[in-house]
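Values below: every heavy atom of this structure, side chains too, minus hydrogens, waters and symmetry copies. Computed from a predicted model, the values in this text were never measured in an experiment. Chain A is the first sequence line, chain B the second, and so forth, proteins listed ahead of strands; every chain is numbered from 1.
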Amino acid sequence: MPDPYIPQQIEPKWQKRWEEDRLYRSVIDPNKPKHYALTMLPYPSGDLHIGHWYAMAPSDVRARYMRMRGYNVLFPMGFDAFGLPAENAAIERGIHPYQWTMANIEKMRRQLKSMGAMFDWEREAITCLPGYYRWTQWFFRKMYDMGLAYRKRAPVDFCPKCNTTLAREQVWGPDRVCERCGTPVIKKELEQWFWRITAYTEELLDFSRIDWPERVVAMQINWVGKSIGANVTFRTERGDPLVVFTTRPDTLWGTTFMVLAPEHPLVDELTAPEYREAVEEYKYFAARQSEIDRLSTEKEKTGLFIGAYAINPVNDERIPIWISDYVLMTYGTGAIMAVPAHDDRDFAFALKFGLPVIPVIDRPDGAARSFVRTGSVREGFAEALAEAGFPTEARNDGFYVSIPGTQADSLHHYIALAREYVRPEAWVEVVGGPWLFVFADGVLSVDSLENERRILERCQQLDPTARECRTVAEMLWRIRSYRGFLFHAEYGPMINSGPLTGTPGDVAVQKTTEWLAERGVGEFTVNYKLRDWCISRQRYWGAPIPIVYCDRCGIVPVPYEDLPVMLPTDAVIPPTGENALKYHEGFLHTTCPQCGGPATRETDTMDTFVCSSWYQYAYLSPYYKEGEPAHADSIPFDPEEGKYWLPVDVYTGGIEHATMHLIYTRFFTKVMRDMGLVDFDEPMTVLRNQGIILGEDGEKMSKSRGNVVAPDDLVERYGTDTVRAYLMFGWRWSQGGPWDSMGIEGVYRWLHRVWNLVLEPGSAGFQPASPKEIADLRRWTHRTIQRVTEDLENFNFNTVVSGLMEFTNALQKAKETAVYGTEAWEEAIETLLLLLAPCCPHIAEELWVRTGRPYSIHQQPWPEYNPELAAEEIITLVVQINGKVRARLEVPADITEEAAKEAALADPAIQRHIAGKKVRKIVYVPGRLVSIVV
RNA sequence: GGGGCGGUGGCGGAACGGUAGACGCCGGGGACUUAAAAUCCUCUGUCCGCAAGGACGUGCGGGUUCGAAUCCCGCCCGCCCCACCA
């Protein structure tokens, strides 16, 4: 009997040995193809949780697999070490952010090492060290020189009591209060630094060169938010140009009012004196409201008429100008033309505030409805409609008529009938694409503001209840059946649109834009949601922005040679969380690099996303040229390393970074390309995301729920190899799912079985193994190589483990037969260990060495599979009758079609099923099945 | 509202358009043991049947096909992201 499998003994032993032997040191080797595998670096919170393991362990498995495949693999690790929690710890526990961070890194590095991953620790990079942030600042300086960095005023969340700006996560709850003191947060305008990421917008939309998950691509496209349309110039009555952006210039003739963002610069000038007070009040309301109610979906529209009018350039209609918080100053031009007939927001606004609606796009389906009030038509109308084939539906006070869009003339036909029957003191309206009012003396269309008014007045004369209505739309809205017909946002033929009436829907936007351009009142325009990246943070624990303010010279960038601008380590964090740099005299005061006069430093530090935007380059040569002065033409990493390793081949990590981090790092790489630092466009060729491990109860893991799974405990109990294998086996990696404390037991049992399989002697037979037995065993071996290889290629980690389990089960059975001890048996065991090595590196190494094989298994080549050996000799041929499986035949793999069909038809079960029926057709799929149709 | 991902046994999940449910967990039965744990063997989608065998079965409804979990159309449900973006 061998000694039992005790992972707690063998795992630390091998980890120590591998480290001593520098087994995972990655060094440039021009004779090998390179593979840069990167997994997202953690924030040093102080504890490595199961989510980190889930992300990193399978990534390590794949990196190890690539290494065995003969690649020279770089798989580095580091820490994203600047950020808010360190400042909080400083305030709560009186420990300096630096000490807190470095102590956490110490602990997490130990935890990471317990994973047994092949991280090259000699390339570790910690973003909060001067040797790292010197280059972060260097990038700022380069951006500045390239005209990609600029300063402008922008709002920040500010706590008036703590006198400090707040990060997004420091603002709590729907009331938006300060996390420390509970004071309602206000907006404050500050001068801040921005990077011109928008200079790369179009390029960021190009994913043709990278293999990234569909959903990440979708999220980034959505984030960039490209809209194609036109800028159209309206004029105020005074003559000021008022430009709006619209994606639907084809609806211009339906503009019945304009809406400006409350912060729009023209609002103050345009507001009529008698509205001024109300407008000021609304602006204040909007400034608060947009913050408080950002989350509510069905927000009631609010707004205010400012007493001014604009002229629609296409038809000279005079339209009122409103302000409302549903128009954002930060998008487009901060002003819109409102077309309530074809935009749901404008429609809701118009309905609420009694603004007219003019339809200008026909319905694509051409359908219409009409409500015929009792007494509004002469006798016989219903019968005439029935005869003409119009479907009707009775109601208490009349009946509805559905006018189908299928026949071209049905609308005209209906109107002709209605005119014939309508009584002089009443009317019949038709609501479809156009809205038509049939009076005894003629038909009026809601095709202009003037006609809208005229129709409304006439209806109000005829029907006293209509006098409550401010607009035709409001009157029609009262009739339920019309509601779905009063607004639509589809493309369709233009109607009521002056010279462009009749333009088909598929060319309407283009034709209108051209028409506007010819007249000089509009132009083709593209708009994006993406804004420039505000990198300023009013925080201490970050990389200082290398800028100096001089009374004489103004804004002066710190010279390259003077970098890094050191973050003072003796700063005291105020209990309010305010930026300690503002009070650090030694940091604050400096001399101007240009004139030598007194100057002050920028106290803002950089967003931590800046640090993580280039870390994959830092790993190439961490803290490159520390202590040597930098220059404008420096390179922040060893160019030889860069030339060999870049770009990243496979990047793994959580989907939560789909937008910010993964857009910023793409931006960085494109800037670096334009600087001449790299010669590629995208930082990471392949991206794969893992899912999230939930608590055993299916909920998100959290301390308050008490459902947190601690990896350290698991390692102590089962060993790292079991944890690694279970994280691969338990779920589809990209999906994740609830933790299962029983499931991991199954994996633990499996590794015990592997241990015993390899070390316990089998019962060698007295007879030699038959050729068939040998072939069967070798088939198992080579099929398993094939499966496991393919699954690792495709990140299908769960089936890698299940494949190895099946192989183990098969070997368990074979062990009791004559094949035990044969060459084929040794091949099988050796293969099992090699295939196991990436997943469970410790047990694989232990068994490898114990069975007399040369250390280290991790330096062995990945086994090749032989397709001939993997091929089946005997296959199961399925016989279907009318698609149902009726028999399974064991036949030689190379059976001919005729022989297969013959065998199928000869089978007694098949005979029974086709007895008395006529065989119409036989489909043969080689190696698979015979399908008989009767 | 827009976009993405998903829906298969009691559970996690397998399945180039071709044997649905591999592998593992849970559960049943058995061996070993004074006993338990561990380990090993074995059964395990549902229904009918003593059995042989048969019927049903991948969220729902259609379609394509000799054959659909897989492809197409229309729905329903869940999760995630974005969201008054003109």
Side-chain angles (χ1 to χ4, degrees), chain A residues 4 213-223 225-227 229 244-248 251 259 261 290 293-299 301-302 324-328 330-339 342-346 348-349 489 527-530 655-656 658-659 689 691-692 698 725-726 729-732 734-747 749-750 752-753 756 787 796 798-809 812 875-888 909 912 920-934:
Chain A
E214 197 55 45
R215 63 175 160 161
V216 175
V217 171
M219 281 162 85
Q220 293 207 350
I221 288 173
N222 188 349
W223 187 260
K226 180 178 185 173
S227 291
V244 301
F245 173 70
T246 176
T247 56
R248 293 297 301 270
T251 65
V259 187
S290 62
D293 253 350
R294 190 169 278 170
L295 293 173
S296 81
T297 42
E298 282 297 301
K299 205 179 106 183
K301 290 272 183 293
T302 60
S324 174
D325 63 0
Y326 85 92
V327 176
L328 310 174
T330 47
Y331 183 78
T333 62
I336 62 155
M337 59 181 222
V339 185
H342 306 292
D343 181 286
D344 59 341
R345 296 153 303 185
D346 298 345
F349 197 86
N527 249 304
Y528 303 90
K529 288 192 227 171
L530 185 74
I655 187 75
E656 67 273 17
T659 47
N689 303 114
I692 299 173
Y726 180 57
F729 177 67
W731 316 264
R732 264 182 282 213
S734 59
Q735 291 296 116
W739 181 257
D740 181 357
S741 54
M742 296 312 290
I744 193 172
E745 297 276 352
V747 174
R749 285 196 277 259
W750 166 57
H752 275 95
R753 284 202 301 276
N756 293 331
R787 286 176 58 184
N796 293 329
N798 54 345
T799 47
V800 167
V801 176
S802 68
L804 292 174
M805 284 174 168
E806 285 182 67
F807 190 36
T808 309
N809 294 345
Q812 199 76 53
I875 54 160
T876 306
L877 193 68
V878 171
V879 186
Q880 294 181 341
I881 294 175
N882 288 348
K884 286 186 189 283
V885 177
R886 294 301 180 187
R888 298 183 174 119
R912 209 168 56 241
R920 286 219 325 252
K921 187 175 172 184
I922 302 180
V923 180
Y924 175 66
V925 182
R928 289 275 180 193
L929 54 70
V930 177
S931 185
I932 301 167
V933 189
V934 297

Taking 4.0 Å as the cut-off, does a side-chain nitrogen or oxygen of K884(A) come that near to OP1 or OP2 on A68(B)? no

Using the P atom in both, what is the distance from C26(B) to G12(B), to the nearest Å? 15 Å

With a 3.5 Å distance limit and no angle check, can you tell me whether W750(A) reaches the backbone of S802(A) through a side-chain donor-acceptor pair? no

Which nucleotide sits closest to the side chain of K921(A): C25(B), A86(B), C66(B)? C66(B)

Under 4.0 angstrom, heavy atoms only, what part of the nucleic acid is V923(A) near: base, sugar-phosphate, or nothing? base

Rounded to the nearest 0.5 Å, what's the gap from CZ on R215(A) to CG on N689(A)? Could you check? 5.5 Å

Per F729(A) side chain, nearest of listed nucleotides U19(B), G12(B), A86(B): G12(B)

With nearest nucleotides of RNA chain B determined for V878(A) and R215(A) from heavy-atom distances, which residue corresponds to the more 5′ nucleotide? R215(A)

Atom-pair distance (CE on M219(A); P on C80(B)), nearest Å: 12 Å

Rounded to the nearest angstrom, tell me the gap between atom CD1 in I875(A) and atom C1' in G18(B). 12 Å

Answer with base, sugar-phosphate or nothing: what part of the nucleic acid does R749(A) contact at a heavy-atom distance below 4.0 Å? sugar-phosphate

At under 4.0 Å between heavy atoms, what does V925(A) touch on the DNA or RNA strands: base, sugar-phosphate, or nothing? base

For D344(A), answer base if it contacts any base atom (sugar-phosphate contacts may also be present), sugar-phosphate if it contacts only those atoms, and nothing otherwise; contact means non-hydrogen atoms under 4.0 Å. nothing

C79(B) and G30(B), which share atom name C1', separated by this distance in whole Å: 44 Å

Which one is paired to G1(B), where only Watson-Crick or G-U wobble pairs with both distances under 3.5 angstrom count? C82(B)

Just by modelled atom types, is the T799(A) backbone N or O under 3.5 Å from a matching donor or acceptor in the N796(A) side chain? no

Let's see if you can work this out: which of A22(B), C82(B), C40(B) has an atom nearest to the side-chain heavy atoms of S802(A)? A22(B)

What's the gap between U58(B) and A14(B) when it is taken at their C1' atoms, as a whole Å value? 12 Å

By the 4.0 Å heavy-atom rule, please label Q735(A) as base, sugar-phosphate, or nothing. sugar-phosphate

Contact under 4.0 Å: S227(A) side-chain N or O vs A86(B) OP1/OP2: yes

Is there a donor and acceptor pair, one atom on the side chain of K301(A) and one on the base of C84(B), closer than 3.5 Å? yes

In whole Å, what separates the C1' atom of C16(B) from that of C11(B)? 28 Å

Just to confirm, is there a sub-4.0 Å distance from OP1 or OP2 of C40(B) to any side-chain nitrogen or oxygen of N756(A)? no

To the nearest Å, give me how far apart CZ (R920(A)) and P (U65(B)) are. 12 Å

With both distances under 3.5 Å as the test, what is the Watson-Crick or G-U wobble partner of U46(B)? A55(B)

Now, which nucleotide makes the Watson-Crick or G-U wobble pair with G24(B), with each of the two distances under 3.5 Å? C11(B)

Across all strands, who's sitting opposite G17(B) as a Watson-Crick or G-U wobble pair, both distances under 3.5 Å? none

Within this structure, what is the CG-to-P distance between D740(A) and C11(B), rounded to whole angstrom? 13 Å

So what does V327(A) hit on the nucleic acid, given a heavy-atom distance under 4.0 Å: a base, only sugar-phosphate, or nothing? base

According to the interplanar angle, ranging from 0 to 90°, do the rings of F349(A) and Y326(A) count as parallel (below 30°), tilted (30 to 60°) or perpendicular (above 60°)? tilted

Do the side-chain N or O atoms of R886(A) get closer than 4.0 angstrom to the phosphate oxygens (OP1, OP2) of C66(B)? no

Categorize G698(A) for me: base, sugar-phosphate, or nothing, with a 4.0 angstrom heavy-atom threshold over every strand shown. nothing

Are the side chain of S734(A) and the backbone of G691(A) linked by a donor-acceptor contact shorter than 3.5 Å? no

Is Q880(A) side chain donor-acceptor paired with the G18(B) base, going by distance under 3.5 Å alone? yes

For G67(B) and R928(A) - does any side-chain N or O of the residue sit under 4.0 Å from the phosphate oxygens OP1/OP2? no

I'd like the P distance from A68(B) over to G59(B), given in whole Å. 15 Å

In whole Å, I'd like the distance from the CG atom of N222(A) to the P atom of G2(B). 13 Å

Can you tell me how far C1' in C71(B) sits from the matching atom in G78(B), rounded to whole Å? 24 Å

Between R732(A) (CZ) and A22(B) (P), how many Å, whole number? 16 Å

Would you compute the distance between atom CG of L929(A) and atom OG1 of T876(A) and round it to the nearest 0.5 angstrom? 12.0 Å

Spell out, as yes or no, whether a donor-acceptor pair under 3.5 Å connects the side chain of R248(A) to the backbone of A489(A). yes

For N882(A) and V934(A), indicate whether the former's side chain and the latter's backbone hold a donor-acceptor pair under 3.5 Å. yes

Per R753(A) side chain, nearest of listed nucleotides G53(B), C26(B), C40(B): C40(B)

5'-most contact on RNA chain B (nearest-nucleotide basis), G743(A) vs Y726(A), goes to Y726(A)

Which part of the nucleic acid does R787(A) contact within heavy-atom distance under 4.0 Å: base, sugar-phosphate only, or nothing? nothing

Phosphate OP1/OP2 of A14(B) contacted by N798(A) side-chain N/O (<4.0 Å): yes

Could you state the atom-to-atom distance from CD1 of I922(A) to P of G18(B) in whole Å? 21 Å

Are M337(A) and D346(A) packed together at the side-chain level, in the sense that at least one heavy-atom pair is separated by less than 4.5 angstrom? no

Could you tell me the Watson-Crick or G-U partner of G74(B), where both distances fall under 3.5 Å? Say none if there is no partner. C60(B)

Look at all strands and tell whether S931(A) reaches a base, only sugar-phosphate, or nothing, counting heavy atoms closer than 4.0 Å. base

Please report, rounded to the nearest Å, how far the C1' atom of U8(B) is from the CH2 atom of W731(A). 20 Å

